[in-house]
Each structure stands twice: as C-alpha cells, then as structure tokens.
Amino acid sequence: MLLIAFALFSALSVPLATPLVDPFHEGEYLSPQLYFLGISNGLPVLIHGMLNYAPARWAVALCGSDHVVICTRAANMWLAATASAIWALSAAGLMRSRQTAWLAGLTAGMLLLLFNGTRIDSVGLHQGAPSVRDLLLLCELAALLGVLKCGRPYLLGLLFAVAGIAAAIGLFWAYSRGLVGIVILASGLVLAWYTGRSPKTILVAPIAFLATLAGMYLHDPAMFGQHIANIRYWGQHREIWTRPFPVHDMMFGVVYVGLIAVGALRSFQLHLAARRGEAATLLLLMIPMAAIYYQSINRSDLSHQMWAVEFAYLLVVTFVATLAWPLQLSTRWYSAALAAVGAMILLVLAIHAVRRPNSLVAHGSGSNLALVTRPLPNDEALEGNTARLIGAMLRSTGQHCTYVMNNTGVYYEAAGLPPCTSSMYPIYVARGDEETRIIADLERTRPLLIIGHDGSWSDAMDGKSIAVRTPLLSAWLDRHYPVSGHINKVEIRRRSNTGETGRRIVEAVQS
C-alpha cells in the first residue's frame, strides 16, 4: 500500500487546473481525438500511438466536450500513476526477503518522487519515468517476471496470457515501447523454456498475442492498418527527429553498457550454478534498458536518456537479489538503510513543496483535491485568450477542418475542428512524396483559413523552420494562403481567390 501511495502521490499531485504550458506537446494529446468526430479527412499520423487520442476520447465521454483539457490531463495522470505502481511493486517483488523487499521498494518510491513527484506540470509528467507510454510495457514485463519466478503452475497460464495481451495492445499504445515489447515477449518465451516451463503453457502467450491483435483488427480494420502504417512511416523517416548526439550523453551509455556487462557475467555464473530462474531474470531485464537507450540516441537529451533508468534500476535490484550477503546483514543495518532512504524521501518532498507550494494544501490554488469540491474549469479557461479567439474565428467560417503551420495543436482543440490532413503538424511531414500528399489533402479540403507562424519555439523545431524542413509544402502554403491578419502574434492565413466572403473574414480578423 505504501508503494501505491508513492505512485499516486508522484503522479496525481501535478496540478491539473493550470493554463496550457506547452501548446505543442499538449496538442499532441488533445487534438488527435478530433479525427474521430466523423468529419475528419483521413486517419491520423500519430507520433506515439493510441495514447495520443485514447485518453482524450475517454475525457470527452466522461466529462463532455467542454472539459477535454483537464480531464485528459487527469486520465494521463492516473495512467502514469498505474505505471509507477506496477514498476515499484515489480522492484519490491524481485527481492528474496522481506527486509530487502522493503529497501528496494522504498528506494523505488524515492526515485518515483524524484523522477515524477517534482514535475511542475502535466507535460513534465509525460517526460517522466515511468510515464504513460511505459504502462503496457511494464504490464508485460511484470507478467514475464512473474513467469520466471512463479512456482505455482496454475498461475503460469494466466501470466503468459497477460504478457501476450499487454504486448499486443502495447504495440499500438506507444509505438516505440510496443516494438520493445515484441522483443521482450519473444525473449521472455525463450527464457521461460530455458527455465523449464512447459511448452504447452508457453504457447498461451503467443496465442493471446495473436488473438488480441485479431480482435483489434476486427474492431476497427482501418485504424489497425493506420497503426501499422504509422510504425512503418516513423521507421522509414527517423531523420525527422534526428539531432546531433552530445558527447556528454555518453556517460549514460557507459553506465548502461557497464550494467549489461556485469549482468551478463552474473547470469553466466548463475547458469553454471544451475540457478536458471535468476539468470533468466537478469537477461530479460537487460533487453528494455538496452533497447530504450538505443532508441534515445536518435533524439538525445536528458529526458530521453533517463527513460532507461527505470529498467536499469530493476536490473540492479535483481543483481543484488542474486547475492548472498544482503541476506546476511543484520537488522540494525537494514534499519539504518531504511532511515537513510526515508531521509532522502523527505528531502525530495521538500523539493516538491518548494517547487509547488500550493499543491500539498487541500484547498490551495494548485491542489487537485480542491477540484473535488469546485466546478471543473472549462477548456476556454485553460486554453488562454489567443487560442479562444482563434477557435471562435475558425468556427465562424463554417469550415469543417483547418491546418496549423506552427506545430501548435491546441488550436485544433480550441476550434473543435480536425486537421485537414493526416499529418496534423508540418514537422510530421517527410520531404518529397509526403509533402505532395499533404498538399493534395489541402487542395481537396480547401479550408478558408489556416493558422500561420507565431514565433514560438515550435515554429522552428531544433532550429529548423518549416521552410527548411518541408520547402515544397512551405512554398505552396505561402502561395495559396497569404497572411491576411494577426491575432496577437499568430498569423491568420486566408485562401487566395475567396472573393467577398474572404474580404468579410479579413475585416473580422483585423477587428
């Protein structure tokens, strides 16, 4: 229960009722659900997977279309809390004694508070560890760890089924983690066979995996195909997100490679000692750490590099659990260690209180507890004045879709209009044929107004403007959608040759 409390606090204490802090990242989680309104133009190119639209669709179903922002944030926070609880409980479950389990669990709780509990907004929580994208991967990993450790045959079939189902859903939930999950599932089945699990029981996992994929296909064949297309697309166009690999980030690589080397050596020793279950556990935990670190190299920064830490910690815990000396330490030593971890937890809570002083107070302005007794703020209150005005203007035209040139997805949500193309952001568009396809979409849908540049950081991702990234698309937009006015710093672009209707809209924008 204590670990679950840590997981809940680290995620759910991040303030919900705050203005939009990052229109680019929050737009990725708010706007894709508009593709499913029945008036969209194709299926979406998603950067992550189902997590880009499922929580927002749940928010609409539960809270209504006027509270999408706050309820999507709440859904994502609960998902992050669930992922955190699974991770912390997995760490404690890897230990062989009650004392070592307590120490591993409290240390995991401290790391949760450090990685997630000190985040000041929902966007930061998305960049945390564990995060929403890790949920299905951690479910699968926990089930496979249970398979390698479980001594009750009647539970093995259930654990294999959970692993297969989680791997199948996880493939589309978060593409990057889903691919890692496929590798983990295949490796986990081999390791299960290595540890002596019955081949008939092992077959439950691939059967559950394939049955789940079949069910997803039958439920929505078109979206199933789009998920496959998205995975293929991002695999072919890694250059969209590539940036130089900083030399100082090599320190993470050195640590991870060192852990893999030590783990491999220890697993070989355990194999020689006929301790196959522990050897297999070490080998299994090396896979997500190595795979996620490899994925992070393409877009290296502190957040991406840290995503492998949660799996590195599980590997370290497993390594320690295979040693004899932790079981031989005195109760006094464990009491001192627990006290030290407790002191560090208090320190992290102090940091939390300094960064978000109101969030710890039940009725503070930053507290989520206050939302229980107060009306939920509607979307307009959180979107800001600029987004509200742009949304109202776009709705007044009667157009059924729009396009945002500056990679700021919240304008779609503010207007309640889906993108006119399958790629909601220009940054998603690869040079060449993909640019031509987006242009064809815009020529077909012909929105009266689109949103232009605003000078924000997302206008030129990684220092590259839309003109540099997608010159063909940029030139076409400049030619067919000249700037006709501004709302604050945001360009409003009108389709050329729109006659009297366009003139009236321009006057409205200028006013």
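Atom set for the values below is all heavy atoms of this structure, side chains included, hydrogens, waters and symmetry mates excluded. Count residues from 1 along the sequence.
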Query raised in the report: Do Leu137 and Phe311 come within less than 4.5 Å of each other through their side chains, counting heavy atoms only?
Result: yes

**Report entry** Side chains of Arg57 and Val60 in contact at under 4.5 Å (non-hydrogen atoms)
**Finding:** no

Give a yes or no on whether the backbone of [Y] and the side-chain of [X] come within a donor-acceptor separation of less than 3.5 Å.
| X | Y | result |
| --- | --- | --- |
| Asp134 | Ser131 | yes |
| Tyr35 | Ser422 | yes |
| Arg276 | Tyr194 | yes |
| Asn76 | Thr72 | yes |
| Tyr412 | Met424 | yes |
| Trp307 | Gln295 | no |
| Ser267 | Ala264 | yes |
| Glu140 | Leu185 | yes |
| Asn407 | Ser458 | yes |

Report task. Answer yes when Glu278 and Lys149 have at least one side-chain N-carboxylate O distance shorter than 4.0 Å, and no when they do not. Result -> no

Query raised in the report: Thinking salt bridges, do Asp121 and Arg73 make one under a 4.0 Å N-O criterion?
Result: no

Is the closest side-chain donor-acceptor distance between [X] and [Y] under 3.5 Å?
| X | Y | value |
| --- | --- | --- |
| Tyr256 | Gln305 | no |
| Tyr29 | Asn52 | no |
| His237 | Tyr428 | no |

Please report the interatomic distance [atom1]([X]) to [atom2]([Y]), rounded to the nearest 0.5 Å.
| X | Y | atom1 | atom2 | result |
| --- | --- | --- | --- | --- |
| Leu20 | Asp379 | CG | CG | 8.5 Å |
| Asp462 | Ile240 | CG | CD1 | 11.5 Å |
| Leu30 | Glu413 | CG | CD | 5.5 Å |
| Ser90 | Glu310 | OG | CD | 10.5 Å |
| Ser122 | Glu26 | OG | CD | 4.0 Å |
| Ile292 | Met306 | CD1 | CE | 13.0 Å |

Which atoms form the tightest heavy-atom contact between [X] and [Y], and what is the distance?
| X | Y | answer |
| --- | --- | --- |
| Leu138 | Pro130 | CD1-CB, 3.8 Å |
| Val147 | Arg197 | O-NH2, 2.7 Å |
| Ala108 | Trp87 | O-CZ3, 3.4 Å |
| Ala75 | Pro55 | CB-CB, 4.0 Å |
| Gly157 | Val204 | O-CG1, 3.5 Å |
| Ala280 | Thr195 | CB-CG2, 3.6 Å |

Query raised in the report: What do you reckon, are the aromatic ring centroids of Phe224 and His219 less than 6.0 Å apart?
Result: no

Report task. Would you please name every residue forming a side-chain contact (heavy atoms from CB on, under 4.5 Å) with Cys71, sequence neighbours left out? Result -> Ala59, Cys63, His67, Leu376

Query raised in the report: Using the ring of each side chain (for Trp, its six-membered ring), is His227 parallel, tilted or perpendicular to Tyr53, with breaks at 30° and 60°?
Result: parallel

Query raised in the report: Is it true that atom OH of Tyr217 has more than 12 heavy atoms of other residues, nucleotides or ligands lying nearer than 6.0 Å?
Result: no

Query raised in the report: Does CH2 in Trp241 sit with more than 12 non-hydrogen atoms of other residues, nucleotides or ligands closer than 6.0 Å?
Result: yes

Query raised in the report: Checking side chain to side chain contact (heavy atoms under 4.5 Å, CB included) against Leu285, which of Ile184, Ile260, Leu144, Leu314 comes through?
Result: Leu314

Report task. For Arg266, check side-chain hydrogen bond (donor to acceptor under 3.5 Å, both in side chains) against everything at least two apart and list the hits. Result -> Gln269, Thr322

Report summary line: Applying ring pair (Phe, Tyr, Trp, His ring centres under 6.0 Å) to Trp457 and not counting sequence neighbours gives Phe24, His25

